[in-house]
Amino acid sequence: MSKKIISEIRRDHIFNLLKEGKRSDGRKLDDFREIKFETGIIESADGSAVVEMGKTKVTAGVKIIPGTPFGDTPNLGVLTTGAELIPLAHPDFESGPPSPESIELARVVDRGIRESGMVDMSKLCIKEGEEVWMCFLDLYAINYDGNLFDAFNLASVLALKTAIIPNEQYGKGEDVPLPITCLPISVTSAKLGSSLILDPNFDEENISSARLTVTTDDDGNFRAMQKGGQGSITLDELSHCLDMAVAKGEEIRKLIG
Amino acid sequence: MSKKIISEIRRDHIFNLLKEGKRSDGRKLDDFREIKFETGIIESADGSAVVEMGKTKVTAGVKIIPGTPFGDTPNLGVLTTGAELIPLAHPDFESGPPSPESIELARVVDRGIRESGMVDMSKLCIKEGEEVWMCFLDLYAINYDGNLFDAFNLASVLALKTAIIPNEQYGKGEDVPLPITCLPISVTSAKLGSSLILDPNFDEENISSARLTVTTDDDGNFRAMQKGGQGSITLDELSHCLDMAVAKGEEIRKLIG
Amino acid sequence: MSKKIISEIRRDHIFNLLKEGKRSDGRKLDDFREIKFETGIIESADGSAVVEMGKTKVTAGVKIIPGTPFGDTPNLGVLTTGAELIPLAHPDFESGPPSPESIELARVVDRGIRESGMVDMSKLCIKEGEEVWMCFLDLYAINYDGNLFDAFNLASVLALKTAIIPNEQYGKGEDVPLPITCLPISVTSAKLGSSLILDPNFDEENISSARLTVTTDDDGNFRAMQKGGQGSITLDELSHCLDMAVAKGEEIRKLIG
Amino acid sequence: MSGTTDMILVNKDGKRIDGRTPDEHRDIKIEAGVLANADGSAYVEIGKNKVLAAVYGPRECHPRHLQDPTKAIIQCKYNMQTYSVSDRKRPGTDRRSVEISKITAEALEKVVLTELYPRASIDVYIEILQANAGTRCAGLTAASVALADAGIPMRDIVPAIAAGKADGYVLLDLNKEEDNFGQADVPMAIVPSTNEIVLLQMDGNMTREEFDKAIEMGVRGCHDVYKLQKEALLNRYSDGGDSDE
Amino acid sequence: MSGTTDMILVNKDGKRIDGRTPDEHRDIKIEAGVLANADGSAYVEIGKNKVLAAVYGPRECHPRHLQDPTKAIIQCKYNMQTYSVSDRKRPGTDRRSVEISKITAEALEKVVLTELYPRASIDVYIEILQANAGTRCAGLTAASVALADAGIPMRDIVPAIAAGKADGYVLLDLNKEEDNFGQADVPMAIVPSTNEIVLLQMDGNMTREEFDKAIEMGVRGCHDVYKLQKEALLNRYSDGGDSDE
Amino acid sequence: MSGTTDMILVNKDGKRIDGRTPDEHRDIKIEAGVLANADGSAYVEIGKNKVLAAVYGPRECHPRHLQDPTKAIIQCKYNMQTYSVSDRKRPGTDRRSVEISKITAEALEKVVLTELYPRASIDVYIEILQANAGTRCAGLTAASVALADAGIPMRDIVPAIAAGKADGYVLLDLNKEEDNFGQADVPMAIVPSTNEIVLLQMDGNMTREEFDKAIEMGVRGCHDVYKLQKEALLNRYSDGGDSDE
């Protein structure tokens with residue numbers, strides 16, 4: 001993701017359209033691309049989902065495994081989130097240890113899920129201090145065309161929402177759904193010049209100066225935020241981003257509800 | 001092993017001789033170089049061997065240590081095989097993490113030993129589910145002049161064949177030999193032009209298009225195979241490789257028996 | 001630390017002065033720079049110290065944590081020493097895995113502490129074979145202007161000398177001081193031309209041909225030594241280094257006693 | 001291969017636990033051109049295996065010291081996703097993946113006209129989304145279609161399939177149970193136009209007779225796979241395959 | 001954030017456990033020019049946090065493939081020393097450090113005139129000597145002063161501070177207990193001359209109203225920090241700051 | 001060094017557990033030119049230590065940023081094989097190996113005419129096949145012979161041996177038991193023609209008097225080793241040493 005090159009002409013084209021409140025793919029500033037999703041696509045996972053936002057495509061899978069709780073939370077389950085920007089998904093992605101970009105993605109998605117209490121960790125205790133369910137949430141970019149934050153967040157939420165605790169496999173009784181309390185939805189604004197747009201595609205992302213990801217819960221409260229990029233956002237812009245995040249978050253929540 | 005350079009003249013010489021069924025070192029196509037070996041060379045190992053095939057020289061050592069069995073095989077010992085292409089052995093070898101070549105070597109050798117059941121793993125259980133003997137087989141190239149597959153295989157078989165389970169060291173009674181059921185022998189054919197030769201030296205290996213390693217057991221049955229190289233082998237060539245592997249395998253087995 | 005460049009002029013200047021028995025900063029050959037130190041600077045550590053020798057500045061911190069003893073010393077505590085040459089301290093220092101220089105520094109400091117028996121490891125046993133106190137001693141270069149060996153050694157000794165075993169934190173009774181038996185002090189000589197000097201600064205270190213670090217205990221006996229550098233030292237020079245190490249060691253011991 | 005079980009893998013009528021005859025492969029689905037960014041791509045299902053392959057290149061070769069002045073090199077990366085197997089796989093490259101990547105790249109070298117692109121790299125990425133015995137063959141099958149989809153000149157397309165042995169029978173295309181509790185596995189890949197072998201591994205225990213039969217079965221299986229590979233590429237082009245570029 | 005406790009973090013009189021009012025920051029000490037070798041440096045204490053920052057550069061950019069022909073890049077490395085926290089931290093970079101390093105560098109980009117130094121690197125090192133909630137803000141505050149101390153042309157200095165929520169109150173500059181047992185944390189950094197936000201994170205649970213209040217409190221807190229940053233730089237120069245060069 | 005034992009390491013007659021007198025080294029066997037590929041090589045046995053050394057170079061220096069325009073650099077890699085010690089050693093470089101590699105390279109620098117080969121690297125590989133106290137000295141002794149065998153111009157050959165202390169006696173060339181349960185170890189290496197010290201380490205507990213005695217003993221021991229090094233090189237050339245090239 002280091003060297004994102006986009007021609008001057010394409011850049012100017014995007015900025016000229018934005019001045020008229022338009023986007024190069026015909027969307028309004030606060031439109032997402034078409035969202036498609038499917039769950040349960042991977043039988044070997046305990047929960048899985050594929051999400052497409054336009055040409056951006058990602059998968060999420062959850063494996064739920066008995067393990068030892070952390071010393072300071074002996075009665076809580078554990079959530080671990082990883083994101084892989086595999087080279088299959090984009091010519092700029094490289095093999096090797098996780099890049100700062102993939103680490104940030106995983107941590108922001110994780111934060112939204114964790115802070116919203118989406119998964120009721122207290123119900124994942126098998127034996128206090130000894131055994132709890134550990135949820136390994138792994139995210140893969142399959143085709144990258146911008147806005148991995150929201151695509152990964154949505155795929156994660158769908159995979160967890162449909163996940164099954166594999167009690168049978170471990171001789172612990174019947175399989176039950178993972179206990180879910182709410183659906184945290186992230187909405188990412190990108191700042192291009194003085195315009196704020198939602199769900200930036202690859203070209204838009206490359207010429208944006210700043211990014212704000214805002215994750216809301218079912219009540220429209222804020223659970224996680226992350227500003228990125230080398231630019232700044234004004235207090236007014238912040239306010240607009242929050243408004244959009246609440247409105248669009250509700251819309252997406254309904255879509256997958 | 002990445003940049004194997006051999007002069008055009010030497011290359012042509014080898015190919016010209018092969019057309020007459022001869023090799024540059026006077027061998028017949030299905031001749032091995034002289035094999036020398038010695039066992040018990042390293043007292044700190046529980047089993048060890050040095051093998052020379054012409055100028056190729058390798059060592060193998062086994063350490064046998066009590067450890068925890070894998071969950072799905074609670075009553076079986078464990079075999080772990082590593083191969084190191086240390087820079088002492090050849091100017092092309094580099095320090096650092098294992099190369100794909102060294103990983104392939106270790107895995108093919110391991111496969112022959114494992115699949116032949118050479119070591120009776122069921123006799124390596126100390127206490128079911130809790131403690132078994134773990135055999136760490138480590139291979140080092142000392143001087144590399146081709147055909148490490150067969151040299152490593154032979155050194156491994158010799159080291160295991162003469163290995164002792166160190167019961168005394170761990171207060172578990174008397175030392176006993178590692179339980180051995182058979183002697184898997186690998187025979188590697190290299191394809192140069194349309195000729196198939198055994199035990200290729202460094203120059204021959206470099207100009208070969210494909211390689212087939214075939215490991216047989218005491219009955220001449222097949223236990224492991226691995227095709228390598230960027231070329232192909234025809235079905236007729238395959239058949240010839242199998243014939244040679246059985247015949248030469250028996251010969252080598254007698255040599256070390 | 002690989003490329004240490006110093007101008008010819010500065011180099012000649014230092015050597016010319018040394019011929020007259022003088023150093024560029026006015027010190028005598030066997031003078032240390034002014035030593036300043038402070039302990040207890042980091043409340044989150046169980047022991048800590050900052051040491052300045054001229055412009056060289058280092059910190060040491062100790063964390064003392066219950067852990068499992070090594071199998072062959074079931075009733076002894078454990079000491080682990082690490083040294084980090086962080087890029088904050090000098091433009092030549094780089095991020096990444098420990099360099100050979102930092103490993104040597106940590107190991108030489110560790111050796112002096114360990115071999116002198118400074119910390120009475122037999123008193124760090126909580127339950128034989130099961131639980132002992134593990135002392136993690138971590139050293140950081142804050143500003144590097146030569147002679148990290150002695151600065152790190154001194155900071156380590158001060159941090160350990162003032163360290164507290166955190167019994168309370170782990171519900172094991174009252175906090176007590178770490179049991180200290182003596183104060184090992186290292187004194188490093190550098191050879192420049194035919195001169196031997198103590199406490200070399202960065203410039204002196206760069207043009208020195210050899211280095212000898214000598215660690216003595218309270219009785220002036222030798223506990224650890226390490227020769228470094230690509231030059232040699234004669235037997236007479238060795239004798240002089242030992243004399244200086246004993247005399248200066250005693251002086252520094254008094255300073256911190 | 002060394003597993004033992006009381007399970008009957010092939011019944012008296014010669015039927016396997018999933019109802020197949022000994023020389024019958026599992027259901028195979030191949031789709032070409034499934035990814036927008038990659039120069040070529042393919043999705044393959046063989047039984048419960050789900051595999052994606054992407055090709056980027058010919059492009060500049062990194063790291064540069066691997067460049068070959070006479071031809072393109074093929075670099076392959078086979079990766080099992082963490083949730084593709086019953087026990088979660090730790091992320092990152094393991095020794096098995098390194099070996100499979102190496103032999104897969106070697107198998108493809110034979111058919112790609114690498115000499116057309118000196119100094120370049122052709123990068124093949126294989127992602128195992130779901131694994132159920134036979135992923136290396138599924139991966140190579142997919143990679144081969146992805147190379148063709150990328151428009152890279154090739155002498156032929158490489159199909160791959162495994163033969164093997166279970167309950168004493170020589171069988172085509174082992175499923176998970178046959179692989180775990182069987183007696184031998186023989187993954188292989190060929191150049192269909194000449195029946196030359198470009199990938200061959202074997203582990204287990206086979207007599208010469210059994211092995212010869214396995215090879216015969218495998219070659220036939222490869223030709224079946226080959227047919228489906230060609231169909232997938234035909235579909236790709238007749239569907240107006242460049243729609244998502 | 002998800003901790004729960006019986007501890008009363010804000011009492012009936014609106015006082016916090018360390019005696020502060022909700023909109024009061026902890027004691028802050030800032031010193032510029034504390035290291036001899038670095039081109040610029042600063043030491044910051046915010047409550048019990050102790051942080052050192054050093055700047056080297058503009059200098060040649062390593063690794064070279066990161067060079068930007070149009071401007072300098074800012075590379076930041078945030079590092080927690082092993083003994084800075086109650087449980088010993090393993091040495092080396094962890095995922096949290098990588099994230100903080102990234103957003104810190106991005107926050108500084110806005111104010112540094114990087115376009116003056118094409119192809120160069122400006123390297124910022126932040127060492128956490130002691131951590132007690134708020135290290136990323138303390139680190140960025142220190143880094144900003146260190147950049148100014150290095151004489152690198154900047155549009156403005158960046159101050160940072162966190163707002164948050166505990167016991168249902170919106171609070172400025174959470175301490176360790178408020179961070180552990182509170183309901184939200186909002187670290188932020190601004191460009192004081194314009195109040196533009198260059199760093200913003202949030203985790204926990206906040207209504208829009210609470211969040212707006214937190215931002216307002218944070219902006220004011222940043223201006224307080226900014227004042228102390230400027231004082232530190234003034235002291236540095238009036239003290240004859242280049243004494244230790 | 002810190003071990004304690006009831007074992008009597010030196011008896012009333014001044015004899016050690018392996019029958020040696022205090023100033024007697026173990027049996028030493030040195031052979032030069034034992035590897036076909038290396039430019040120079042040597043095999044050394046000292047007691048139960050078995051060590052191989054190989055030299056490649058002068059050759060192009062990798063990585064290139066280590067090149068010195070004024071001379072060759074010596075790069076050394078000391079490696080303990082996994083089965084060389086009683087507890088299996090994990091493969092790969094550990095901190096001890098890094099330190100030994102560093103001081104070994106430094107010890108060799110003094111005698112090699114590195115100024116003859118600007119920008120080049122002389123690579124020394126030391127493999128410990130079997131370890132029994134004293135491997136660093138055995139390794140350096142072997143490396144020195146391997147350098148001479150490679151025909152690299154040298155001022156002198158470097159021999160190495162350890163002195164030490166056990167049961168209160170100063171002893172030459174500690175064996176495993178003396179090393180484990182003794183009171184001090186002093187590995188050293190010299191330039192025989194001048195008795196200059198090029199490697200010196202010490203750990204344990206020694207008075208000045210004991211240390212002086214250890215150095216004296218060590219210097220004499222080094223001269224014994226030196227004699228055997230020269231003999232090995234003479235044998236190598238008289239045997240028609242280039243036979244296996």
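Throughout, protein chains are lettered first and strands after them, A, B, ... in sequence-line order, and every chain is numbered starting at 1. All figures in this text were calculated on a predicted structure; none of them were measured in a lab. Keep in mind that the numbers below use all heavy atoms, side chains included, and drop hydrogens, waters and symmetry copies.
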Value for CG (Leu139(A)) from OG1 (Thr82(D)), rounded to nearest 0.5 Å, stands at 9.0 Å

| Lys/Arg N to Asp/Glu carboxylate O, Lys63(A) vs Asp87(D), below 4.0 Å | no

So the salt bridge (Lys or Arg N to Asp or Glu O under 4.0 Å) pairs with at least one residue in residues 141-160 of chain A (sequence neighbours excluded) are Arg33(A)-Asp145(A)

Listed by number, the residues in residues 112-119 of chain D that come under 4.5 Å of chain A (heavy atom to heavy atom) are none

Closest non-hydrogen contact found for Tyr140(A) with Gln81(D) is OH-CA, 3.3 Å

So CZ of Arg90(D) and CZ of Phe136(A): to nearest 0.5 Å the spacing works out to 9.5 Å

Looking at Glu231(D), I want to see if its CD is surrounded by more than 12 non-hydrogen atoms of other residues, nucleotides or ligands under 6.0 Å. yes

Looking only at heavy atoms, the pair that brings Ser95(A) and Lys77(D) closest together is OG-CD, 2.9 Å

On a heavy-atom basis, the closest approach of Asn37(D) and Asn143(A) is N-OD1, 2.8 Å

*Using a cut-off of 6.0 Å, state whether more than 12 heavy atoms not belonging to Lys123(A) lie near its atom NZ.*
no

Residues 42-54 of chain A, side-chain donor-acceptor partners within the protein, below 3.5 Å, at least two apart:
residue, atom, partner, partner atom, Å
Ser44(A), OG, Tyr83(D), O, 2.7
Ser44(A), OG, Ser84(D), O, 3.2
Asp46(A), OD2, Ile64(A), N, 2.8
Ser48(A), OG, Ile41(A), N, 3.0
Ser48(A), OG, Ile42(A), N, 3.0

Shortest non-hydrogen pair, Tyr56(D) vs Pro87(A), comes out as CE1-O, 3.2 Å

Answer key: most heavy-atom pairs under 4.5 Å with chain A among His62(D), Glu127(D), Lys48(D) is Glu127(D)

Nearest heavy-atom contact between Ala36(D) and Lys55(A) is CB-CD, 3.9 Å

With chain A, the option among Gly92(D), Gly57(D), Ala54(D) that has the most non-hydrogen atom pairs under 4.5 Å is Ala54(D)

Here the gap from Ser86(D) atom OG to Ile65(A) atom CD1, rounded to the nearest 0.5 Å, amounts to 9.5 Å

dist Arg88(D):CZ -> Thr80(A):OG1 (nearest 0.5 Å) comes out at 7.5 Å

_How about NZ on Lys71(D), more than 12 heavy atoms from neighbouring residues, nucleotides or ligands closer than 6.0 Å, or not?_
yes

Cut-off 4.5 Å, heavy atoms of chain D, and the answer for Glu84(A) is side chain

So, the part of Leu88(A) with a heavy atom under 4.5 Å from chain D: the answer is both

Among residues 128-152 of chain D, residues within the sub-4.5 Å heavy-atom range of chain A, in order of number, are Leu129(D), Gln130(D)

The interface call for Ala159(A) against chain D, heavy-atom contacts under 4.5 Å, is neither

